[in-house]
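To start, the structure under review is shown below, and the notes come after it.
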Amino acid sequence: MSGRFSIGNAADYPDAWCLLRHRLWPDTTPSVHRAELQGVCESGAGFVVHDPAGLAIGFAEVSLRRDYVNGCDTSPVAFLEGIYVEEAFRGQGVAAALVAEVTRWAITQGVSELASDADITNIGSHRMHAALGFEETERVVYFRRVLRPR
């Protein structure tokens, strides 16, 4: 990124953070996104990246997961809950800078693993993770069965 972009604490930019979250997770309403911000800050951290003009162009969220995390050997584990970069800024090192910031935060928390996941059909996300140094550990298909009382 060569210093062209700046990364800050997402809590300092709640409007931009909510907008970017909504672009990544459009099925969640903006009001629900806003309500979730405090929980993100309590269980982890959020980061927003801005372009030189001050426009918010991406974000990343990380949490500490103490339950079992697929493919990991330790607990707790830093978990990249979400990462998004506006399409016009992809391929310019923005995601790498966000993951570097997430990594710095995780190290300050005393963890030794950073994990993430992606939908099985999201090949672009798989490629991004690989380019950022993540290794695929396993693939999982989740099932459910609705239970009805008799």
Side-chain angles (χ1 to χ4, degrees), residues 1-72 74-140 142:
M1 267 182 16
S2 65
R4 296 180 303 140
F5 303 100
S6 62
I7 297 176
N9 184 328
D12 295 336
Y13 310 98
D15 294 337
W17 190 11
C18 285
L19 174 66
L20 293 165
R21 282 179 118 244
H22 188 64
R23 289 184 179 154
L24 178 59
W25 298 303
D27 292 339
T28 303
T29 66
S31 61
V32 170
H33 282 301
R34 184 166 296 282
E36 291 176 345
L37 298 185
Q38 183 63 34
V40 171
C41 294
E42 290 171 1
S43 66
F47 303 97
V48 170
V49 62
H50 293 88
D51 73 358
L55 178 67
I57 59 169
F59 83 100
E61 293 179 9
V62 59
S63 70
L64 288 180
R65 290 196 180 182
R66 290 174 169 77
D67 54 333
Y68 172 72
V69 175
N70 297 51
C72 292
T74 62
S75 181
V77 169
F79 197 89
L80 183 62
E81 300 289 351
I83 185 167
Y84 173 82
V85 175
E86 293 281 18
E87 193 168 341
F89 293 91
R90 293 178 187 168
Q92 298 180 39
V94 176
L98 283 164
V99 169
E101 193 68 24
V102 164
T103 299
R104 280 189 282 282
W105 177 87
I107 290 169
T108 68
Q109 303 303 303
V111 300
S112 59
E113 291 180 288
L114 174 60
S116 185
D117 62 10
D119 186 274
I120 200 163
T121 63
N122 191 342
I123 304 304
S125 182
H126 302 177
R127 288 184 183 128
M128 179 208 66
H129 280 85
L132 295 176
F134 287 86
E135 63 179 329
E136 183 175 323
T137 59
E138 59 187 70
R139 291 187 177 229
V140 177
Y142 292 91

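Because only heavy atoms are used, hydrogens play no part in the values below, and waters and symmetry mates are left out as well, while side chains stay in. Residue numbers run from 1 in the order of the sequence given.
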- Query: Are any of the side-chain heavy atoms of Arg21 and Thr28 separated by less than 4.5 Å?
  - Reply: no

> Just wondering, more than 12 heavy atoms not from Glu135 lying within 6.0 Å of its CD?
Replying inline: no

With sequence neighbours left out, the residues meeting side chain to side chain contact (heavy atoms under 4.5 Å, CB included) with Ser116 are Leu80, His129, Phe134

OG (Ser75) and CG (Leu64) are apart, to the nearest 0.5 Å, by 9.5 Å

query: Does some side-chain heavy atom of Phe47 sit less than 4.5 Å from a side-chain heavy atom of Val49?
result: no

Taken in chain and number order and not counting sequence neighbours, the residues that satisfy side chain to side chain contact (heavy atoms under 4.5 Å, CB included) with Glu87 are Arg90

Salt bridge (Lys or Arg N to Asp or Glu O under 4.0 Å) filter on Glu86, not counting sequence neighbours, yields Arg23

For residues 95-108, the salt bridge (Lys or Arg N to Asp or Glu O under 4.0 Å) pairs (sequence neighbours left out) are Glu101-Arg104

In this structure, SG of Cys41 is separated from CD of Glu36 (nearest 0.5 Å) by 12.0 Å

Donor-acceptor pairs are to be reported for all side-chain atoms of residues 12-19 against protein atoms at under 3.5 Å, with residues two or more places apart or in another chain.
unit_1 : atom_1 : unit_2 : atom_2 : d
Asp15  : OD1    : Arg34  : NH2    : 2.5
Trp17  : NE1    : Glu61  : OE2    : 2.9

Answer whether the closest heavy-atom distance between the side chains of Trp105 and Val111 falls below 4.5 Å.
-> no

Could you check whether any side-chain heavy atom of Thr103 comes within less than 4.5 Å of a side-chain heavy atom of Leu114, counting everything from C-beta outward? yes

Applied to residues 113-132, the salt bridge (Lys or Arg N to Asp or Glu O under 4.0 Å) test, sequence neighbours excluded, yields none

For the residue pair Ile83 and Val102, establish whether any side-chain heavy-atom pair is separated by less than 4.5 Å.
-> no

(request) Check for a donor-acceptor pair, side chain of His33 on one end and backbone N or O of Trp25 on the other, with a separation under 3.5 Å. (result) yes

